[in-house]
Amino acid sequence: QKEVEQNSGPLSVPEGAIASLNCTYSDRVSQSFFWYRQYSGKSPELIMSIYSNGDKEDGRFTAQLNKASQYVSLLIRDSQPSDSATYLCAAESGNKLTFGTGTQLKVEL
Amino acid sequence: GAVVSQHPSWVICKSGTSVKIECRSLDFQATTMFWYRQFPKQSLMLMATSNEGSKATYEQGVEKDKFLINHASLTLSTLTVTSAHPEDSSFYICSARDGGGAGGLSTDTQYFGPGTRLTVL
């Protein structure tokens, strides 16, 4: 059974702080990893993709991948109230995505 | 680029009726489309993988005779929920992947449609 695990939260951070979201996956064959943001009642929106060990930065977002530990994370710098949403981690193998249950992030004023 | 549309955005139907949901890739050719279902407070669950011109591949536990999928062209896939019942009420989301990569899109990234909220009375 391929699994992607996330802490459901909610994770509360003050505005301007760094939010750290974590994810572990069970399928060692997985090569591609994605972070999606989902607002309540909406469909997921791609934030970042990462394929290689290390960090990948895009604006305020940094994704980190450690294949040896089967661990993926997403850092959001200078968190804004508009970042409040559920963040879904997904791992791809066999041309399919397996999603975690998501971490709810709340950015407080 | 990478725009995926779904129609309708919401639908309410009576128990026993059938509902068709359309998923279109607007600015790229999607050789593969995926259909997901999401119940409240839960994550996305893959229902089936749809490849253009061939039969869909259903995930374990998903009834292929109840959830009919057709992927007739590189830009359109449809999901028909047949004989819908209240337990089928859910948020149905499609995604599409650019198989050719011609538009500069990653060939393994899935782009999601806005979803269709189905309520069966």
Side-chain angles (χ1 to χ4, degrees), chain A residues 1-10 21-27 29-52 56 58 61 63 65 72 74 85-106, chain B residues 1-10 21 23 28 30-51 54 56-62 90-99 101 104-119:
Chain A
Q1 180 89 9
K2 301 172 185 174
E3 293 182 346
V4 176
E5 302 282 347
Q6 293 180 258
N7 188 318
S8 61
L21 305 164
N22 305 313
C23 168
T24 58
Y25 61 95
S26 65
D27 189 357
V29 177
S30 296
Q31 293 295 318
S32 305
F33 304 88
F34 305 85
W35 282 99
Y36 287 86
R37 177 175 62 197
Q38 187 175 28
Y39 292 112
S40 181
K42 304 293 184 182
S43 71
E45 171 193 9
L46 180 67
I47 298 295
M48 294 277 288
S49 59
I50 187 166
Y51 310 99
S52 304
K56 179 181 178 183
D58 183 0
F61 300 97
L65 173 61
V72 192
L74 179 70
T86 296
Y87 289 80
L88 301 172
C89 172
E92 183 179 32
S93 63
N95 291 320
K96 297 178 186 178
L97 285 181
T98 299
F99 284 87
T101 52
T103 298
Q104 184 184 7
L105 173 66
K106 292 184 177 180
Chain B
V3 179
V4 178
S5 70
Q6 269 185 254
H7 178 80
S9 56
W10 60 270
I21 302 170
C23 176
F28 65 98
T31 52
T32 306
M33 288 183 169
F34 303 85
W35 287 95
Y36 294 84
R37 181 167 53 181
Q38 187 177 34
F39 292 105
K41 305 292 185 183
Q42 296 185 23
S43 191
L44 280 74
M45 295 302 295
L46 179 65
M47 299 175 66
T49 302
S50 168
N51 291 296
S54 63
T57 303
Y58 291 82
E59 294 300 300
Q60 192 172 11
V62 178
S90 187
F91 192 39
Y92 291 84
I93 312 171
C94 74
S95 71
R97 190 164 61 195
D98 183 354
L105 300 175
S106 167
T107 56
D108 62 355
T109 299
Q110 293 186 27
Y111 298 93
F112 284 84
T116 297
R117 191 160 301 282
L118 170 63
T119 301

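Numbered from 1 within each chain, the chains take letters A, B, ... in sequence-line order.
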I need the minimum non-hydrogen distance between B:Trp35 and B:Ile21, along with the two atoms involved. CH2-O, 3.7 Å
Heavy-atom nearest pair, A:Ile47 first then A:Asp58, reads O-OD2, 4.5 Å
Less than 4.5 Å apart, any side-chain heavy atom of A:Phe61 and any of A:Arg37? yes
A:Glu45, part contacting chain B, at a heavy-atom distance under 4.5 Å: neither
May I have the list of side-chain donor-acceptor pairs in residues 41-49 of chain B shorter than 3.5 Å, sequence neighbours left out?
{"unit_1": "B:Ser43", "atom_1": "OG", "unit_2": "A:Gly100", "atom_2": "O", "d": "2.4"}

Among the listed options A:Lys42, A:Gln104, A:Lys96, A:Gln6, the residue most often paired with chain B at heavy-atom distances under 4.5 Å: A:Lys96
Judged by atom type as modelled, is there a donor-acceptor pair below 3.5 Å linking the side chain of B:Gln110 to the main-chain atoms of B:Arg97? no
B:Gln6 versus chain A, the contacting section by heavy-atom distance below 4.5 Å: neither
Top contributor to chain A contacts, counting heavy-atom pairs under 4.5 Å, from B:Pro114, B:Ser95, B:Gly115: B:Pro114
Under a 4.5 Å heavy-atom cutoff, which of A:Gly41, A:Ser49, A:Gly102 has the most pairs with chain B? A:Gly41
